[in-house]
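In what follows, a single structure is set out as structure tokens and then discussed.
Predicted model only: the values in this text are computed from it and were never measured.
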Amino acid sequence: MICGKKTRQCRVVFHAPGYDLDATLDSGQAFRWQHEDGAWVGIVKGRWVRLVRAGQGIRAETVQDVTSWDWLSDYLQVNVRLDEVIAAFPTDKPLQEAVAACSGLRLLRQDPWECLASFILSSTKQIVQIKQIVGLLCERFGEPVAAPASATPAYAFPTATALAKVSEAELRRCKMGFRAPYLLAAAQAVARGELNLSALAGVETEEARTSLITLPGVGRKIADCVLLFAYGRQDAFPVDVWVSKALRELYFPEQLVTPKHLLEFSRTHFGPYAGYAQQYLFHYMRTRYASAP
DNA sequence: AACCAGGACACAA
DNA sequence: TTGTGTCATGGT
């Protein structure tokens, strides 16, 4: 680890051979990363971070001295043995093709509140639009975060407490439309302690899912996103329009399959890392025609 | 310019 | 239990 004392900048390199930053940071898990001249800039746990591939590793830069990098290695999940995850996948052709096409794609481990709020805003929105909404939300209601002078101003993701005080009309000005009352209700539930997000880390997946679904605007799909992307429940399998399309086209071509059947299939077919498999299928579907002739 | 987007919900049948 | 309309907004 090398720290530049004069500039207060601090750097580290995580050994992460094969880690695909582009796929991971831009695959609809997190919505705050921006691609800027070959690097990814984002805010993690209230810190400005710049990430860039460096040989077999990922170089990270912050603006403040950092004594421990656990917060970032945990977020990026650089220590997860991806080969073991993939080795545990079923060997069916569709999934193997997805794995081959998206090699190096990983699941992140995000902050529960940011993840929950972001996915409340995600319903029937394209990823670019979700990024825009989240960006506006942070700009208007998030605390300023120290960033390099040359960088654009940075803001932390607004806390539940901060958002709980905001009016629905103000939220709607962030272009979130009918999702505004949902976000506000979630913020208030968390701020009041009616929903303890920290406590969810210690309960069974099904119980955590039930708790999340009590929130208005949070159904099975959004709950599973939070369980998978924030709580590391790798058996959670969010089925959105893309994953639904992937399952239908790749596993049940020319067949009528109910959503319930798809959910049942997802629970039984993909094994202990079903959530990981889900992310590969999602990204595969979204990118497979992108570079086609 | 229609169509669709990492859905959820109330209500109908 | 399963199907349909609605919600708000902007990209493609």
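- Between Arg109(A) and Glu114(A) there is no salt bridge, since none of the side-chain N atoms of the basic residue sits less than 4.0 Å from a carboxylate O of the acidic one.
- At a threshold of 4.0 Å, the pair Asp22(A)-Arg53(A) does not count as salt-bridged, since none of the basic side-chain nitrogens sits closer than that to a carboxylate oxygen.
- Once you apply a 4.0 Å limit to the heavy atoms of chain A, the touched nucleotides of DNA chain C run 5' to 3' over dT2(C) to dG11(C).
- Put simply, the side chain of Gln278(A) and the base of dG6(B) share a donor and an acceptor less than 3.5 Å apart.
- Classification of the Trp40(A)-His35(A) ring pair by plane angle, with boundaries at 30° and 60°, yields tilted.
- In this structure, Tyr276(A) has its ring center at least 6.0 angstrom away from the ring center of Phe89(A).
- Comparing dC7(C) with dA1(B), their P atoms sit 23 Å apart, to the nearest whole Å.
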Problem - Test ring-ring contact (aromatic ring centres under 6.0 Å, His included) applied to Tyr155(A) and Phe141(A), step by step - result: CA-CA 8 Å; Tyr155(A) 301 89; Phe141(A) 306 112; over 10 Å; no
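- On the C1' atoms, dT6(C) is 16 Å away from dC4(B), given to the nearest whole Å.
- Classification of Asp83(A) and Arg81(A) as a salt-bridged pair holds, one side-chain N sitting under 4.0 Å from a carboxylate O.
- Here the OH-CG distance, from Tyr19(A) to Leu76(A), works out to 4.5 Å after rounding to the nearest 0.5 Å.
- The gap from the P atom of dA10(B) to that of dA8(C) amounts to 16 Å, rounded to the nearest Å.
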Fill in the blank from the handout: Once base and sugar-phosphate atoms are separated, protein heavy atoms under 4.0 Å mark nucleotides 7-13 of chain B, 5' to 3', with B, S and - as BSS----
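- Cation-pi check for Arg248(A) over Phe252(A) is not met; the charged atom does not lie both under 6.0 angstrom from the ring centroid and within 45 degrees of its normal.
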